[in-house]
Protein chains: 2
Amino acid sequence: MAGYRIGALAGRTGTNAATIRYYEEIGLLPRPDRREGNQRCYGEDDVRRLTFIRRCRDFGFSIEQVRTLVSLVQDRSRSCMEARDLAQTHLSAVQVKLRELAALEKSLVQFVAACDAECAGGPGPDCCILDDLSGTMKPAAGCCGTGLP
Amino acid sequence: MAGYRIGALAGRTGTNAATIRYYEEIGLLPRPDRREGNQRCYGEDDVRRLTFIRRCRDFGFSIEQVRTLVSLVQDRSRSCMEARDLAQTHLSAVQVKLRELAALEKSLVQFVAACDAECAGGPGPDCCILDDLSGTMKPAAGCCGTGLP
DNA sequence: ATACATGTTCAAGTAACTTGAGGTTCAAGG
DNA sequence: CCTTGAACCTCAAGTTACTTGAACATGTAT
């Protein structure tokens, strides 16, 4: 009946207690009631709100974007289309990042494979892979050549 | 013959000049020679080294990892296998991130699509998508239900 | 000679938290 | 009732990898 203390809220939402206090400080969470001993006391609304916030953060929205999203939830007179647009913008950024990361993964796989193939013997001072890394342009004449890492 | 000034090095490596000074400060780049008027003077070695550093950073290695990589390049008596292992570790992390990002992209696509389908009319106060966002567990009974963003 | 770009140092700001110090409050066991 | 230990409190500072700004010096083109 007495509501949750910060640890319980933290547990229910998978959030660090210090992060909850931080969100309060930056105004992303409202100041909660306090009990006798000055400890924060949260209710279901706080659970919902923090769940929402964490979910948005997990999906890569910035704090400022989350702030906007929260205000959209608060103020229904504005269209949910604003949320849609925000999501769309974010989606585009995610897709770019996704492509970059996929390219990175490919390069890393090649780098590791090249290492395994060429340098398997161990600590050879002749390893050219590290040269590759610092090479500016020269195609490293038939060695590894992954352009990695 | 006088070497590059900081702006030229920045241009050649696609690095912000302030970032170059920062790298110098944290010891990732050596202190360069200075010319008469105290301006930094770089050579080809610096171009190579900074290219290497930027490339590693672009590939998501942390500054500390790059520091290790740089020292590996410097000290050939150690195996390039260390670089391989670092890359392998990094690869695993990248793959996790890649999977998360792919899941995120899917959710965002669904969210935007659901918005288009359900709320296309505009600013309806009945939009349930935002409710979805804050819903803790209840499956939102047949509405949108993307669990997004 | 005079603009104006480019360089210099040093300090502070940024995001989004996390960690630490030093002190209270709460719940359980003896 | 008393004590222990976990959980809580506030406030300050640390983290990562830079970026931005102020105030001044230098280099280059006209």
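None of these values were measured; they are calculated from a predicted model. Per chain, numbering begins at 1; letters A, B, ... match sequence-line order.
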Looking at dT18(C), I'd like to know if its phosphate oxygens (OP1 or OP2) sit under 4.0 Å from a side-chain N or O belonging to Thr19(A).
yes
Roughly how many Å is it from CD in Glu36(B) to C1' in dG7(C), rounded to a whole number?
15 Å
side-chain N/O Arg40(A) vs dT10(D) OP1/OP2, d < 4.0 Å
yes
Just N and O in the side chain of Arg57(A): are any of them under 4.0 Å from OP1 or OP2 of dA15(C)?
no
Determine: side-chain N/O of Tyr23(B) to OP1/OP2 of dA17(D), distance under 4.0 Å, yes or no.
no
Write down the distance between CD1 (Ile26(B)) and P (dC18(D)), rounded to a whole number of angstrom.
8 Å
Whole angstrom is fine here: how far is it from CD in Glu64(B) over to P in dT15(D)?
11 Å
So what does Arg35(A) touch, heavy atoms closer than 4.0 Å: a base, only the sugar-phosphate, or nothing?
nothing
From the set dC26(C), dT8(C), dC17(C), return the single nucleotide nearest to any side-chain atom of Arg34(B).
dT8(C)
Evaluation steps, salt bridge (Lys or Arg N to Asp or Glu O under 4.0 Å), between Arg21(A) and Glu24(A):
CA-CA 5 Å; Arg21(A) 292 193 199 98; Glu24(A) 181 186 328; over 6 Å; no
Glu25(B) CD to dT16(D) P, in whole Å, measures 14 Å
Would you compute the distance between atom CG of Asp46(B) and atom OG1 of Thr51(B) and round it to the nearest 0.5 angstrom?
10.0 Å
Between dT14(C) atom C1' and Tyr22(A) atom OH, what is the distance in whole Å?
10 Å
Consider only side-chain N and O atoms of Tyr23(A) and Arg54(A), and report whether a donor and an acceptor are under 3.5 Å apart.
yes
Please give me the minimum heavy-atom distance between Arg57(B) and Ser62(B), naming the atom from each residue.
NH1-CA, 3.7 Å
DNA chain D: 5'-proximal contact among Ala18(B) and Ala8(A) (nearest heavy atom)
Ala8(A)
Nucleotide dG27(D), atom C1' - distance to CZ of Arg5(B) in whole Å:
6 Å
Measuring from atom OG1 of Thr13(B) to atom OH of Tyr42(B), what distance do you get when rounded to the nearest 0.5 angstrom?
9.5 Å
Among dA16(C), dA17(D), dC9(D), the one nearest Gln39(A) by side-chain distance
dC9(D)
Ignoring backbone atoms, test whether Arg54(A) places a side-chain nitrogen or oxygen under 4.0 Å from the OP1 or OP2 oxygen of dC17(C).
yes
Distance, rounded to the nearest Å, where Leu9(B) contributes CG and dT6(C) contributes C1'
15 Å
Spacing between Phe61(A) atom CZ and dC17(C) atom C1', to the nearest angstrom:
20 Å
Does dT24(C) have OP1 or OP2 under 4.0 Å away from a side-chain N or O of Asn38(A)?
no
OP1 or OP2 of dG7(C) less than 4.0 angstrom from a side-chain nitrogen or oxygen of Arg21(B), does that happen here?
no
